[in-house]
Amino acid sequence: EKIERVLRAGEATQADVQQALGKPFGVGRALMPYHESVHTLWIYQYMRGSAGASSFEVDSDLTLLYVFFADDVVDGYVWGAGKLQSKKLQ
């Protein structure tokens, strides 16, 4: 399901988001320059990849999603994706 359908600003509630995405990885509070007041923040992460335990090498894809709530309703969100890579320690 497309994220835009789940995170309908001004409509979707915390219960709607949790039903669609599960429990958040983390929670917090946020005050962005465009917010008039402090918002509740839910953080989701998705990581797929591999790590070598003995060699300290990591090659993973990471997606982060930050959902902002005004009271109990979605006010906005930010997401981004990237690649985590590290080399063997010498």
Side-chain angles (χ1 to χ4, degrees):
E1 187 169 355
K2 290 202 174 249
I3 198 79
E4 293 85 7
R5 288 189 204 132
V6 173
L7 302 177
R8 299 171 320 277
E11 294 179 27
T13 65
Q14 290 181 353
D16 296 331
V17 174
Q18 189 164 355
Q19 181 178 355
L21 302 177
K23 292 181 77 170
F25 168 75
V27 296
R29 306 282 282 163
L31 181 59
M32 305 299 279
Y34 45 83
H35 289 161
E36 293 182 13
S37 61
V38 175
H39 283 49
T40 298
L41 170 66
W42 284 11
I43 304 166
Y44 289 89
Q45 72 172 12
Y46 172 74
M47 186 182 297
R48 180 183 64 198
S50 60
S54 62
S55 64
F56 298 102
E57 293 181 8
V58 175
D59 184 11
S60 299
D61 295 315
L62 175 67
T63 301
L64 294 171
L65 170 65
Y66 300 89
V67 184
F68 301 96
F69 295 94
D71 297 316
D72 182 52
V73 179
V74 172
D75 189 46
Y77 61 91
V78 175
W79 72 270
K83 190 158 193 73
L84 299 175
Q85 290 182 312
S86 67
K87 302 288 184 189
K88 184 176 183 178
L89 296 176
Q90 302 294 329

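Only heavy atoms go into these numbers, but all of them, side chains included; no hydrogens, no water, no symmetry mates.
Considering only heavy atoms from C-beta on, L64 stays 4.5 Å or farther from Y44 through its side chain. A 4.5 Å side-chain heavy-atom check between I43 and L65 finds every atom pair outside the cut-off.
Applying the salt bridge (charged side-chain N to carboxylate O under 4.0 Å, His left out) test to E11 and every residue at least two apart in sequence or in another chain returns R8. Scanning for ring pair (Phe, Tyr, Trp, His ring centres under 6.0 Å) contacts around F69 gives W42, with sequence neighbours left out.
For the atom pair Q18 CD and D16 CG, the distance stands at 10.5 Å (nearest 0.5 Å). Expressed to the nearest 0.5 Å, how far OH of Y46 lies from CZ of F25 amounts to 15.5 Å.
Transitive grouping of hydrophobic side chains (ILVMFWY, heavy atoms separated by less than 4.5 Å) brings L41 and M32 into a common cluster. Side-chain heavy atoms closer than 4.5 Å link hydrophobic residues (I, L, V, M, F, W, Y) into clusters, and following such links, even through other members, never connects F68 to L31.
Around the CD atom of Q19, the shell of radius 6.0 Å holds no more than 12 heavy atoms that belong to other residues, nucleotides or ligands.
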- Under the side chain to side chain contact (heavy atoms under 4.5 Å, CB included) rule, what do T40 and V67 come out as? Steps first, then yes or no, please. CA-CA 8 Å; T40 298; V67 184; over 6 Å; no
Show me the donor-acceptor pairs within less than 3.5 Å that the side chains of residues 70-82 make with the rest of the protein, sequence neighbours left out.
| residue | atom | partner | partner atom | Å |
| --- | --- | --- | --- | --- |
| D75 | OD2 | H39 | NE2 | 2.9 |

